[in-house]
Amino acid sequence: MKSVKSIVGLTILILVAAASPFAFAQATHVRWDLVTINFVAHTVDSGGVASATANDGSYITMTGSGTFEAPAGGNGTSSAATGGGTWTTYTSGGVLTSAGTYAVNGLVRWDRAPFPPGSPPPLTDLIEPSAVRSTGLVVLRITYSDGQRGILVVSCTGVTAPAFMFEGITATKGFEDYKSPVPPVPGVDGNRTLFHIVARSEQPE
């Protein structure tokens, strides 16, 4: 009789655990970088620059890196985001109009892509050598040093990625929309990005 009661009790515990709203799933800790590539030494490191243009040809050039905690499944926003960098805006003729820094305030959306990053020859990773490199797209909320707010979109592709993906950044600054990424040029440093999956942590769903 005791064994029967034990089995019934164990069954109830399993059913309660399965129905519990506090089931745990894995959140993803991701690092993002606008990267610089040394084509002689075949290395990739943080500290790169990327640009995007507006409808009238004016453009913004940014540096940056940071981290964010992506909710399990990539769903939802998160305030667990860090980082920032510098920004400079120019007219279509290349005349500097303003400059400053920016800070990341939060994550809007992260979607990891299934394509391997980079292109041959292989590059030595000087950023997070032990982490998993990744492609994907992240949307971040940012605040500029002049008080304006905006969105920074960082996208990383690979040689096998479909054509609808892009490598580089887009950004908004107030009502200014720098919506067209400047594409990278083969063999020329600039307009490249990279993600690293640094760690995964459990969180209640």
Linking I/L/V/M/F/W/Y whenever any side-chain heavy atoms sit under 4.5 Å apart, do [X] and [Y] land together?
X      : Y      : value
Phe115 : Phe164 : yes
Ile60  : Val104 : yes
Ile127 : Leu123 : yes

Using a 4.5 Å cut-off on heavy atoms from C-beta on, say whether the side chain of [Y] contacts that of [X].
X      : Y      : value
Leu194 : Pro117 : yes
His42  : Thr124 : no
Ser145 : Trp87  : yes
Pro116 : Thr160 : yes
Ile197 : His29  : no

[atom1]-[atom2] distance between [X] and [Y], expressed to the nearest 0.5 angstrom:
X      : Y      : atom1 : atom2 : value
Ile151 : Arg109 : CD1   : CZ    : 14.0 Å
Leu107 : Arg141 : CG    : CZ    : 7.5 Å
Arg31  : Ser46  : CZ    : OG    : 5.5 Å
Thr82  : Asn105 : OG1   : CG    : 11.5 Å
Thr88  : Leu96  : OG1   : CG    : 6.0 Å
Ser65  : Asp45  : OG    : CG    : 10.0 Å

Between Trp32 and Phe68, ring centroids under 6.0 Å
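Between Phe68 and Trp32, which both carry aromatic rings, the centre distance is not below 6.0 Å.
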On a heavy-atom basis, which atom in [X] and which in [Y] lie closest, and how many Å separate them?
X      : Y      : answer
Met62  : Ala171 : SD-CB, 4.0 Å
Pro184 : Gly190 : CB-O, 3.7 Å
Trp110 : Leu137 : CE3-O, 3.4 Å
Asp189 : Phe39  : N-CE1, 3.6 Å

Pair Glu69-Val30, side-chain contact (heavy atoms from CB on, under 4.5 Å): steps then yes or no:
CA-CA 6 Å; Glu69 194 81 14; Val30 183; over 6 Å; no
Apply side-chain hydrogen bond (donor to acceptor under 3.5 Å, both in side chains) to Thr89 and Thr97, showing your working.
CA-CA 6 Å; Thr89 53; Thr97 55; 2.7 Å; yes
Measure from NZ or CZ of Lys173 to the centre of the six-membered ring of Tyr178 and say whether it is under 6.0 Å with the direction within 45° of the ring axis.
no
To which residues is Val182 joined in a hydrophobic cluster, defined by side-chain heavy-atom contacts under 4.5 Å among Ile, Leu, Val, Met, Phe, Trp and Tyr, whether direct or through other members?
none
Can any side-chain N or O of [X] pair as donor or acceptor with the backbone N or O of [Y] at less than 3.5 Å?
X      : Y      : value
Thr91  : Val95  : yes
Asp33  : Val35  : no
Thr193 : Ser155 : yes

Evaluation steps, side-chain contact (heavy atoms from CB on, under 4.5 Å), between Asp125 and His196:
CA-CA 10 Å; Asp125 191 338; His196 288 84; 2.5 Å; yes
Ion pair present between Glu167 and Arg192, side-chain N to carboxylate O less than 4.0 angstrom?
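A salt bridge is absent here (no side-chain N lies under 4.0 Å from a carboxylate O).
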Give me the one residue out of Leu152, Asn191, Val154 that meets side chain to side chain contact (heavy atoms under 4.5 Å, CB included) with Leu34.
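With Leu34 as partner, side chain to side chain contact (heavy atoms under 4.5 Å, CB included) holds for just one option, Val154.
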Does one side chain, of Thr86 or Thr63, offer a donor that lies under 3.5 Å from an acceptor on the other?
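A pair is found: one side chain offers a donor N or O, the other an acceptor, under 3.5 Å apart.
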Assess, by modelled atom type and distance only, whether the side chains of Thr172 and Asp177 contain a donor and an acceptor separated by less than 3.5 Å.
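No, no side-chain donor-acceptor pair sits under 3.5 Å.
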Between Asn38 and Thr43, does a side-chain hydrogen bond (donor to acceptor under 3.5 Å, both in side chains) hold up when you go through it step by step?
CA-CA 5 Å; Asn38 186 321; Thr43 59; 4.6 Å; no
Check the orientation of Tyr144 and Tyr102. Use parallel for under 30°, tilted for 30 to 60°, and perpendicular for over 60°.
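Answer is tilted, since the angle falls between 30° and 60°.
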